[in-house]
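Labels below follow one simple rule: chain letters A, B, ... track the order of the sequence lines, proteins then strands, and each chain is numbered from 1.
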Amino acid sequence: MAEQKKDFYITTSIPYVNAAPHIGFALELLEADVVARYHRTRGERVFFLTGTDEHGKKIQEAAEKEGATPQQYADTFSAQFHELGAALGITNDDFIRTSDEQRHIPVVQKVLQQLKSNGDIYKDKYEGRYCTGCEAFLREAEIADDGTCVIHERQPERIYEENYFFRFSKYAREVERMIREDVIRVVPAHRKKEMLNLFSEEGVRDVSISRPSATIPWGIAMPHDDSQTVYVWVDALLNYLSGAGFGTDVFAKRWPADIHIIGKDIARFHTMLWPAMLLALALPPPRAIFIHGHINVEGRKMSKSLGNVVGSDMLLQQFGKDAVRYLLCAEIPSDDDGDFSFARFHERYAADLQNGIGNLVSRVVTVGEKYPDVFGNITLDGAFSEALRTARTTYEEHIGNFQLHHALSAVTRLVKEANKLVDSTKLWELPSSDPAAAVRVMHDLAGVLFVVAELCAPFMPDTAEKIRGALGVGASETAGRYVVFTKPAQPLFPRLAP
RNA sequence: AGCGGGGUGGAGCAGUCUGGUAGCUCGACGGUCUCAUAAGCCGUAGGUCGCGGGUUCAAAUCCCGCCCCCGCAACCA
């Protein structure tokens, strides 16, 4: 009997389907994909989940405006996110939609029923001040001294609603402890600090988790009470359970999630409400929550109102899939906000990919191919230099800390060193002047290229294959393997039109 | 107001915890090879490390005060 080791379970957030995908979510998908691929190369079985969040008032209104049903509307956009994944080469194992009537909706109802039976959900009056300009309940900070809405300067309506509440207060302290003690690892550290502060600030009041169905019909009904619709956040968070097969036999080998990858905007739901819900369900909390930043565009926030949202299609067309994967991961710090600019992307494409990795492969392989008599016995058997071992260790440390941009700079450093080696030894002269030295140098260079391929693989899978192809080796085989230099038909990273 | 992050050569960053030649990438300028995608390599210029004070033999780094930028609203990853 083979021991049933748990899958490495990784998720992205599920984007709301009210707009076409932009590079921000593309990056989140990429970060998750890189981590997923990295774990697979280490021999782990990975379950990588993404999907779409489809309920709520905004979808309903948008659909009405277009004369479609909410489901049709959601279908259209959900498909776009699905296609985005395909275009980026994302290797998710599953795709969950919150409108899924077989897989998701029953799970939500089952979970809420359980919370209700346990007494963690109760019904109460909710009193709020609702601004018809905002179309939302106002928070304290949004109410001016005279009681008007600070944005619309009008008196909000007082609304009394019956809502279901979740006893967040009962679990908050325990969640806080788990975060503080890294039972739930919140990364990066500055986000952890930020989140811990929230527990003391807003405190630990119970959370309203339903709205009247009359107001929000497009959603999931509360169990045994279809006058109430489940709050979209509760609905959305539960995708991590429904997508992992909650209630079926596969669930046990997936839960808990090893890592949720999310944006800073939704950090509080994931660090506060979500673990509390899990505790209430007697399920272990996620092991890690990685919070990435947002992408600014040419120095400004990317937003619909500013009209500067960058889509990923255009990028893919300009640079190609692997390059986009590299550029986004290298240029935007994975643990903080970053800035996107076309000029920067072109610079980096030229420097790191075209003149860096691509050109190195080209020049080394050309020489190798030209002198088959001299380089016929080059092998990859393990005699990797100190530099290679250091590069790999550094890379692994950075991936472990979700600093993907730093992991990639370990690769570019390696490429630089290899270029220096080619020049300082005058590799191209060696086969005739000093064949023994030529073999030694080429052996090192082949080793570098092989490791470059290995380290690039999670980020640029096709490129990694091309590099291995140029060496005539496969991904897994190294020991005693003879290198057969074969210059690629096309440059790895062609020069771009200016 | 409070909380968090940041202010280092033209641009983007590392270094700050564990004081002691200020480093990397891109860009600019000059040189050089010719295996390579007119790529590579070498070199040069360019920094009062936000400001003021303090501790110290010595501070980008530690302490105090101050200034400026960003986030903690919304659309939204």
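- One can place CZ of A/Phe345 at 16 Å from P of B/rG12, the figure rounded to the nearest angstrom.
- Comparing B/rG12, B/rA39, B/rG4 against the side chain of A/Arg344 picks out B/rG12 as the nearest.
- Atom name C1', nucleotides B/rC29 and B/rA36: the rounded distance is 25 Å, in whole Å.
- Counting any heavy atom pair closer than 4.0 Å across all strands shown, A/Ile266 reaches sugar-phosphate atoms only and no base atom.
- We find that NE2 of A/His398 is positioned 13 Å from C1' of B/rC13, with the value rounded to whole Å.
- The residue among A/Ser424 and A/Pro333 whose nearest nucleotide of RNA chain B is located toward the 5' end is A/Pro333.
- Computed from coordinates, the A/Met195 CE to B/rG4 C1' distance equals 9 Å when rounded to whole Å.
- Counting non-hydrogen atoms under 4.0 angstrom, A/Leu27 reaches nothing in the nucleic acid.
- The side chain of A/Asn359 lies closest to B/rA39 when the candidates are B/rG5, B/rC35, B/rA39.
- Here B/rU37 is the nucleotide among B/rC35, B/rU37, B/rC76 with the atom lying nearest to any side-chain atom of A/Asn355.
- Remark: the separation of the C1' atoms in B/rU56 and B/rC62 is 10 Å, to the nearest Å.
- Within 4.0 Å of A/Gly24, counting heavy atoms only, lies at least one base atom of the nucleic acid.
- When heavy atoms are screened at a 4.0 angstrom cut-off, A/His294 is found touching base atoms of the nucleic acid.
- Listed nucleotides: B/rA77, B/rC76, B/rG4. Nearest to the side chain of A/Glu28: B/rA77.
- One atom, CD1 of A/Ile289, and another, C1' of B/rA77, lie 15 Å apart when rounded to the nearest Å.
- One P atom belongs to B/rG19, the other to B/rC57, and the distance between them is 15 Å to the nearest Å.
- Counting non-hydrogen atoms under 4.0 angstrom, A/Glu194 reaches the backbone sugars and phosphates but no base.
- With C1' as the reference atom, B/rC26 and B/rU21 are 25 Å apart, rounded to whole Å.
- For A/Trp428, the listed nucleotide lying nearest its side chain is B/rC33; candidates were B/rG71, B/rC33, B/rA77.
- Look at B/rC17: it lacks any Watson-Crick or wobble partner with both distances under 3.5 angstrom.
- Whole-Å rounding puts the A/Phe340 CZ to B/rA11 C1' distance at 16 Å.
- Taking atom P in both B/rG15 and B/rA28, the straight-line distance is 27 Å, to the nearest Å.
- Under the 3.5 Å distance criterion, with hydrogens and angles disregarded, a donor-acceptor pair is assigned to the side chains of A/Asp322 and A/Thr463.
- With rounding to whole Å, A/Asn296 atom CG is found 10 Å from B/rG71 atom C1'.
- For the 3.5 Å distance criterion, the side chains of A/His104 and A/Thr98 fail to qualify, holding no donor opposite an acceptor.
- Rounded to a whole Å, the NZ atom of A/Lys264 is 11 Å from the P atom of B/rA73.
- Of the nucleotides present, B/rC64 is the one that pairs with B/rG52 by Watson-Crick or G-U wobble criteria, both distances under 3.5 Å.
- At the heavy-atom level, A/Asn419 lies under 4.0 Å from the strands shown only through sugar-phosphate atoms.
- Residue A/Phe25 places its side chain closer to B/rA77 than to any other of B/rA77, B/rA36, B/rG71.
- Between the CG atom of A/Asp423 and the C1' atom of B/rC41 there is a distance of 4 Å, given to the nearest Å.
- Rounded to a whole angstrom, the distance from the P atom of B/rC68 to that of B/rC51 is 15 Å.
- Ion pairing between a basic and an acidic side chain is recognised when a charged N comes within 4.0 Å of a carboxylate O; A/Lys192 and A/Asp182 show such pairing.
- With C1' as the reference atom, B/rU48 and B/rU8 are 12 Å apart, rounded to whole Å.
- Separating the P atom of B/rC35 from that of B/rC49 is a span of 47 Å, rounded to the nearest Å.
- At the phosphate of B/rG40, neither OP1 nor OP2 sits under 4.0 Å from any side-chain N or O atom of A/Lys420.
- A/His22 contributes a side-chain N or O that forms a donor-acceptor pair with the base of B/rA77 under 3.5 Å.
- At the heavy-atom level, A/Lys192 lies nowhere under 4.0 Å from the strands shown.
- A/His292 places no side-chain N or O within donor-acceptor distance of the main-chain N or O of A/Lys264, the cut-off being under 3.5 Å.
- For the side-chain hydrogen bond (donor to acceptor under 3.5 Å, both in side chains) criterion with A/His260, the lone passing option out of A/Tyr9, A/Tyr240, A/Trp274 is A/Trp274.
- Note: A/Phe77 and A/Tyr73 have tilted aromatic rings, judged against thresholds of 30 and 60 degrees for the angle between ring planes.
- One finds no salt bridge joining A/Glu369 and A/Lys487 here, because no Lys/Arg side-chain nitrogen approaches an Asp/Glu carboxylate oxygen to under 4.0 Å.
- Out of B/rG4, B/rA38, B/rC75, the shortest distance to the side chain of A/Asn18 is found at B/rC75.
- For the pair A/Pro491 and A/Lys416, nearest-nucleotide mapping onto RNA chain B gives the more 5' position to A/Lys416.
- The side chain of A/His292 lies closest to B/rA77, out of B/rA77, B/rU37, B/rG4.
- Residue-level contact check: A/Tyr16 touches the backbone only, with heavy atoms under 4.0 Å from sugar-phosphate atoms and none from bases.
- Among B/rA73, B/rC26, B/rA77, the nucleotide with an atom closest to any side-chain atom of A/Glu347 is B/rC26.
- Within the nucleic acid shown, A/Gly293 comes within 4.0 Å of at least one base atom, counting heavy atoms only.
- Under the Watson-Crick and G-U wobble criteria, each requiring two contacts below 3.5 Å, nucleotide B/rU44 is paired to B/rA28.
- The phosphate of B/rA39 has OP1 or OP2 within less than 4.0 Å of a side-chain N or O from A/Arg495.
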Might you work through the side chain to side chain contact (heavy atoms under 4.5 Å, CB included) test for A/Arg325 and A/Ile90, ending with a clear yes or no?
-> CA-CA 10 Å; A/Arg325 292 175 60 105; A/Ile90 303 301; 4.2 Å; yes
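- Remark: A/Glu176 engages A/Arg180 in a salt bridge, criterion side-chain N to carboxylate O under 4.0 Å.
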